Amino acid sequence: MRIATWNINGLRARLELVKRWLIERQPDVVGFQELKTLTEEFPHDAFLEIGYHALVHGEKAWNGVAILTRAPAELVQTGLPGETGFGSRLLTARIQDLEFTTVYCPNGKTLDHADYQRKLAWFESLTTHWQHLERSAAAVLCGDFNIVPTPLDSWQGKKADGEIFHTVAERERFSALMGTGLTDLFRHHAPDEQAYSWWDYRGGAFHKRQGLRIDLILGTRAVRDRLESIYIDREYRKKQGDLTASDHAPVVAVIK
DNA sequence: ATGGCTCTCGCGGAGAGA
């Protein structure tokens with residue numbers, strides 16, 4: 001079973017590239033973030049034509065998450081309880097024995113912005129919510145976390161410590177979430193590999209290998225024990241003809 | 001380095017992203 005996460009930075013701007021990726025990579029379950037599309041304007045037909053059903057939690061212009069699956073999935077949760085006023089950022093589906101959640105975590109903007117404190121609170125709500133779920137089950141929590149877990153996950157290494165995405169407070173919230181019994185599947189599979197999932201559009205950051213690893217697939221023990229491989233799909237960070245790329249690459253995990 | 005690209009809204013320029 002192939003599962004994936006991808007912040008696509010606008011579904012309308014990315015539709016043709018996303019379809020190409022689905023056809024080429026053939027994932028079984030995918031979480032998308034940053035749809036920037038209303039739920040009722042989601043192009044279900046375009047995905048059904050290539051064999052994917054979608055559950056959608058959209059919003060006008062901003063945020064928005066979706067889960068695509070080969071077979072129709074059961075909707076479990078729409079929105080993070082207690083935080084629904086902070087954008088459409090969480091969606092959970094059940095696919096056979098797998099509980100699959102995708103999140104678009106808040107950015108926070110700057111350390112002195114009100115959204116930074118809201119970001120920290122949002123993560124606390126996420127951890128509380130996650131604790132209420134049945135943990136012995138196979139569950140995945142994937143998406144754009146907007147936190148760089150460790151210096152190894154930043155092109156600047158320790159030099160970025162203290163900056164937004166790299167603060168002690170953010171990493172404490174992330175550690176608390178992981179403490180509910182989750183494993184960062186990429187880091188589990190490649191403990192020492194410096195790899196990124198996001199690169200700034202500007203200044204040739206992608207080609208200069210100046211990125212951050214903020215797009216993660218987290219799994220419970222049951223999922224971790226079934227992990228076969230996981231990779232960051234850098235090919236789809238590249239422009240393809242006249243199709244522009246997202247500033248994030250997809251992350252794909254293969255589960256036995 | 002002080003947002004150097006890209007997206008959206010909506011029709012001009014601004015806000016947001018990370």
Side-chain angles (χ1 to χ4, degrees), chain A residues 5-18 21 31-43 56-66 85-90 102-120 122-123 126 142-171 173-174 194-216 232 234 236-251:
Chain A
T5 182
W6 193 7
N7 178 323
I8 58 174
N9 186 22
L11 179 57
R12 275 171 303 225
R14 212 68 61 218
L15 183 58
E16 291 309 312
L17 190 68
V18 165
W21 177 77
F32 286 137
Q33 305 87 40
E34 277 209 89
L35 305 181
K36 301 184 177 180
T37 302
L38 286 163
T39 300
E40 54 268 37
E41 292 181 359
F42 188 90
V56 182
H57 182 33
E59 181 184 335
K60 184 181 177 71
W62 310 114
N63 309 314
V65 286
F86 202 9
S88 300
R89 298 180 180 274
L90 182 145
T102 194
V103 285
Y104 175 50
C105 303
N107 175 300
K109 296 189 176 71
T110 58
L111 299 189
D112 60 355
H113 196 284
D115 280 5
Y116 176 69
Q117 295 301 327
R118 292 185 79 189
K119 175 183 189 175
L120 299 179
W122 192 91
F123 269 94
L126 178 60
C142 68
D144 174 359
F145 284 79
N146 276 327
I147 292 177
V148 176
T150 73
L152 183 60
D153 302 308
S154 175
W155 68 277
Q156 298 186 93
K158 290 185 177 183
K159 285 201 294 288
D161 284 356
E163 295 178 6
I164 186 86
F165 288 43
H166 309 70
T167 65
V168 170
E170 288 166 301
R171 285 173 170 162
R173 297 329 186 267
F174 183 72
Q194 193 161 25
Y196 313 124
S197 65
W198 171 88
W199 298 260
D200 200 308
Y201 279 124
R202 294 157 299 175
F206 179 71
H207 297 288
K208 290 192 275 191
R209 302 183 180 278
Q210 298 178 345
L212 305 175
R213 193 175 71 90
I214 54 176
D215 299 275
L216 311 175
I232 298 171
R234 296 178 77 261
Y236 274 83
R237 178 59 180 78
K238 301 173 184 174
K239 188 175 182 180
Q240 296 196 7
D242 59 349
L243 300 180
T244 56
S246 170
D247 43 358
H248 298 251
V251 184

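Bear in mind that the values here come from a model prediction, so they are computed numbers and not experimental data. Convention: sequence-line order gives letters A, B, ...; per-chain numbering from 1. Atom set for the values below is all heavy atoms of this structure, side chains included, hydrogens, waters and symmetry mates excluded.
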Please report the distance separating the [atom1] of [N] from the corresponding atom of [M], rounded so that it comes out in whole Å.
{"N": "B:dG10", "M": "B:dC5", "atom1": "P", "result": "26 Å"}
{"N": "B:dG4", "M": "B:dC9", "atom1": "C1'", "result": "23 Å"}
{"N": "B:dT2", "M": "B:dT8", "atom1": "P", "result": "29 Å"}
{"N": "B:dG12", "M": "B:dG17", "atom1": "P", "result": "25 Å"}
{"N": "B:dT6", "M": "B:dA18", "atom1": "C1'", "result": "13 Å"}

If we ignore hydrogens and angles and just use 3.5 Å, is the side chain of [X] paired with the main-chain N or O of [Y] as donor and acceptor?
{"X": "A:Gln33", "Y": "A:Gly31", "answer": "yes"}
{"X": "A:Thr39", "Y": "A:Gly58", "answer": "yes"}
{"X": "A:Thr102", "Y": "A:Cys142", "answer": "yes"}

Side-chain N,O ([X]) to OP1/OP2 ([N]) below 4.0 Å:
{"X": "A:Asn9", "N": "B:dC7", "value": "no"}
{"X": "A:Tyr104", "N": "B:dA16", "value": "no"}
{"X": "A:Arg12", "N": "B:dC9", "value": "yes"}

Could you tell me how far apart [X] ([atom1]) and [N] ([atom2]) are, to the nearest whole angstrom?
{"X": "A:Gln33", "N": "B:dG17", "atom1": "CD", "atom2": "C1'", "value": "14 Å"}
{"X": "A:Leu212", "N": "B:dG17", "atom1": "CG", "atom2": "C1'", "value": "12 Å"}
{"X": "A:Lys109", "N": "B:dA18", "atom1": "NZ", "atom2": "C1'", "value": "11 Å"}
{"X": "A:Lys239", "N": "B:dC7", "atom1": "NZ", "atom2": "P", "value": "10 Å"}
{"X": "A:Arg213", "N": "B:dA18", "atom1": "CZ", "atom2": "C1'", "value": "16 Å"}

Scan [X] against the nucleic acid and name what it touches under 4.0 Å (heavy atoms): base, sugar-phosphate only, or nothing.
{"X": "A:Thr244", "answer": "sugar-phosphate"}
{"X": "A:Ile214", "answer": "sugar-phosphate"}
{"X": "A:Phe145", "answer": "nothing"}
{"X": "A:Asp200", "answer": "base"}
{"X": "A:His248", "answer": "sugar-phosphate"}
{"X": "A:Asn63", "answer": "nothing"}

Geometric cation-pi criterion, A:Lys119 with A:Phe165: 6.0 Å, 45°:
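Yes, a cation-pi geometry.
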Where each residue is assigned the nucleotide of DNA chain B containing its nearest heavy atom, which of A:Pro106 and A:Arg14 is assigned the position nearer the 5′ end?
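Looking at DNA chain B, the more 5' nearest nucleotide goes with A:Arg14.
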Does A:Asn146 contact B:dA18 through a side-chain donor or acceptor facing the base, at a distance under 3.5 Å?
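Counting by modelled atom types and ignoring angles, no donor-acceptor contact under 3.5 Å is found here.
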Which nucleotide, in any strand shown, forms a Watson-Crick or G-U wobble pair with B:dC5, with both distances under 3.5 Å?
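The answer is B:dG17, by the H-bond criterion.
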Closest to side chain of A:Lys36, choosing from B:dA18, B:dC7, B:dC9
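My answer, after comparing the listed nucleotides, is B:dC7.
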Do A:Thr244 and A:Arg14 have a side chain donor and acceptor closer than 3.5 Å?
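Yes.
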Non-hydrogen side-chain atoms of A:Leu212 and A:His166 separated by less than 4.5 Å:
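Yes - at least one pair of side-chain heavy atoms lies under 4.5 Å apart.
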